[in-house]
Enquirer: 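Let me begin by handing over the structure; questions about it come next.
This structure is a prediction, so every number in the text was calculated from the model and none was measured. Values reported hereafter were calculated over all heavy atoms of this structure, with side chains retained and with hydrogens, waters and symmetry mates removed.
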Amino acid sequence: MAALGSPLRTLRGLLRELRHASGRAGRPYRDTPAYQHVIAAFRANRVTSEQLCRAQQELHFQAATYLCLLRSVREHEALHQEYHGRGERSPEEVAGLVGFRLPQQPGGKG
């Protein structure tokens, strides 16, 4: 299993992704139920000198997995917007996209 890194770094990454996701909604990300749940979960599972629990490690793993999901969805949407097809293209356009030129037909056609 890969190292998870610091829980604080994971929390900051989650909050950054929530901010990106709620930016499209038009309302502050701190008012969303997702933000409040993430903050409450991290506060409830803080490790003190008197406790060392498996639940804190499990929460960190789940948070890192959710962070990966949010980041991947955002990057997928960006790639989809950039490379999404714009309908049917002519053969000349397709050839131009990949850097080719269609040969000239004999008799002046094309």
Enquirer: Pro7 and Phe42: which non-hydrogen atoms are nearest, and at how many Å?
Expert: O-CE2, 3.7 Å
Enquirer: Starting at CG of Leu18, measure out to CG of Leu67 and round the result to the nearest 0.5 Å.
Expert: 9.5 Å
Enquirer: Donor-acceptor pairs under 3.5 Å, side chain of residues 9-17 to any protein atom, not counting sequence neighbours: which ones?
Expert:
unit_1, atom_1, unit_2, atom_2, d
Thr10, OG1, Ser6, O, 3.2
Thr10, OG1, His60, NE2, 2.9
Glu17, OE1, Arg74, NE, 2.8
Glu17, OE2, Arg74, NE, 3.4
Glu17, OE2, Arg74, NH2, 2.8

Enquirer: Tell me whether the count of non-hydrogen atoms from other residues, nucleotides or ligands lying under 6.0 Å of CD in Glu75 goes above 12.
Expert: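 Atom CD in Glu75 is crowded, with more than 12 foreign heavy atoms closer than 6.0 Å.
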Enquirer: Indicate if Val38 and Leu69 have the same hydrophobic cluster label, given that clusters are the connected sets of ILVMFWY residues with side-chain heavy-atom separations under 4.5 angstrom.
Expert: yes
Enquirer: Can you list everything that forms a side chain to side chain donor-acceptor pair (under 3.5 Å) with Gln62? Sequence neighbours excluded, please.
Expert: none
Enquirer: What donor-acceptor contacts under 3.5 angstrom involve side-chain atoms of residues 30-37, with partners at least two apart or in another chain?
Expert:
unit_1, atom_1, unit_2, atom_2, d
Thr32, OG1, Tyr29, O, 2.7
Thr32, OG1, Tyr35, N, 3.3

